[in-house]
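For ligands, and for the atoms within them, numbers begin at 1 and follow the listed sequence. By convention here, the first residue in the shown sequence is residue 1.
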Amino acid sequence: MKFWKHYYQGLLDLFLQSQCPLCQRPTSTDFCTYCEKQLKRCQIAQPEKFWGNDFPLFPWGTYNGSLKRALQVLKYDKQPKIAQPLGFWLGESWLKSRLNLGKNLIVVPIPLHPNKLQIRGFNQAELLAASFSQIANLRLEKSGLERISDTEALHGKSAIERRESLTGAFQIGKAFRQRHPKAEVLLLDDIYTTGYTALEAADTLGKSDIKVCGIVAIATSEIRATQARTK
Ligand SMILES: [Zn+2]
């Protein structure tokens, strides 16, 4: 009897196990133990330090190592399931922080242009926002913003070129056109680097008298993380 119990349990474990999206080792959790440990090493200890910089930012981790790879696998290897644990961790970190911004915030993900959305099949920021807002217990508005210009990759462009290419990239989304939100907006993106995307999104909403309190992101560049540490 004991043998059969073990036999069936073994079969069940095998059935329930899937591959770790980062290293393909079998795992019954979102990432294998090794990759989860590597990812957690990228976590920023005091993310609230970034709040109140040139643009209030709340990041989960630093964009390097395993976290960089996880975000690349999510987007370019099209592994949308990675968004759930990452959004969850960001939500946990938000709840633990002492920012105390209350519950009256609307989470709006940075949108993709429809062309890019068609190619990728999903907007990673929207998936991360769904997981984040569930844990942080905040309202989610997926259609608060729309992207109207299909900006090319920003790598290798100067700061001025980056800022210029984003000018007019967004318009206020259908949901907010229909009903003006009373609460402040909290933007969400997968990566925060120069902050130009967040600024442009906030400007677009600001023109319609919608206030943006800041942005939450899974990762921020190493330079920003170092700057916050030395403050
Ligand atoms: Zn792994």
Side-chain angles (χ1 to χ4, degrees), residues 5-50 57-97 107 109-110 112 116-138 140 142 153-155 188-193 197 215-226 228-229:
K5 203 178 157 200
H6 279 295
Y7 177 75
Y8 283 118
Q9 190 57 50
L11 268 184
L12 192 68
D13 285 349
L14 200 67
F15 180 72
L16 290 174
Q17 281 202 341
S18 54
Q19 283 184 330
C20 169
L22 301 184
C23 71
Q24 275 68 51
R25 284 189 185 96
T27 176
S28 52
T29 49
D30 296 305
F31 303 104
C32 72
T33 323
Y34 173 79
C35 289
E36 183 165 330
K37 210 168 155 187
Q38 295 298 313
L39 282 165
K40 295 263 169 99
R41 288 175 74 173
C42 304
Q43 187 172 7
I44 291 169
Q46 286 175 290
E48 51 283 302
K49 273 192 177 177
F50 294 80
L57 163 71
F58 187 92
W60 182 81
T62 310
Y63 189 61
N64 61 18
S66 285
L67 189 57
K68 183 175 180 175
R69 192 166 129 64
L71 288 170
Q72 286 172 343
V73 171
L74 163 66
K75 289 191 281 191
Y76 309 119
D77 292 348
K78 297 182 185 177
Q79 298 265 359
K81 69 174 189 171
I82 291 181
Q84 204 190 3
L86 295 182
F88 183 98
W89 294 346
L90 179 62
E92 265 187 336
S93 173
W94 175 261
L95 287 178
K96 278 183 198 157
S97 77
V107 180
I110 295 293
L112 283 185
K116 215 169 253 175
L117 185 64
Q118 204 180 6
I119 296 166
R120 192 167 297 162
F122 59 89
N123 174 8
Q124 71 283 353
E126 192 179 308
L127 300 178
L128 292 162
S131 176
F132 167 79
S133 51
Q134 197 186 1
I135 302 303
N137 198 17
L138 295 173
L140 169 67
K142 291 177 191 170
L154 298 174
H155 313 291
L188 187 147
D189 209 355
D190 51 339
I191 310 161
Y192 183 98
T193 48
T197 309
I215 185 163
V216 287
I218 300 298
T220 189
S221 58
E222 223 164 337
I223 301 161
R224 280 190 179 268
T226 316
R229 265 199 297 274

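- For the pair S133 (side chain) and A129 (backbone), a donor-acceptor distance under 3.5 Å is present.
- For E48, there are no salt bridge (Lys or Arg N to Asp or Glu O under 4.0 Å) partners, not counting sequence neighbours.
- Within a 6.0 Å radius of NZ in K37, no more than 12 heavy atoms belonging to other residues, nucleotides or ligands are found.
- Considering only heavy atoms from C-beta on, R120 comes within 4.5 Å of Y76 through its side chain.
- At a cut-off of 2.8 Å, measuring from the Zn ion (ligand 1), the protein N, O or S atoms that fall short of it are C20 SG, C23 SG, C32 SG, C35 SG, waters left aside.
- A 4.5 Å side-chain heavy-atom check between L67 and W60 finds at least one atom pair inside the cut-off.
- Looking only at side-chain heavy atoms (C-beta outward), I135 and W89 stay at 4.5 Å or farther from each other.
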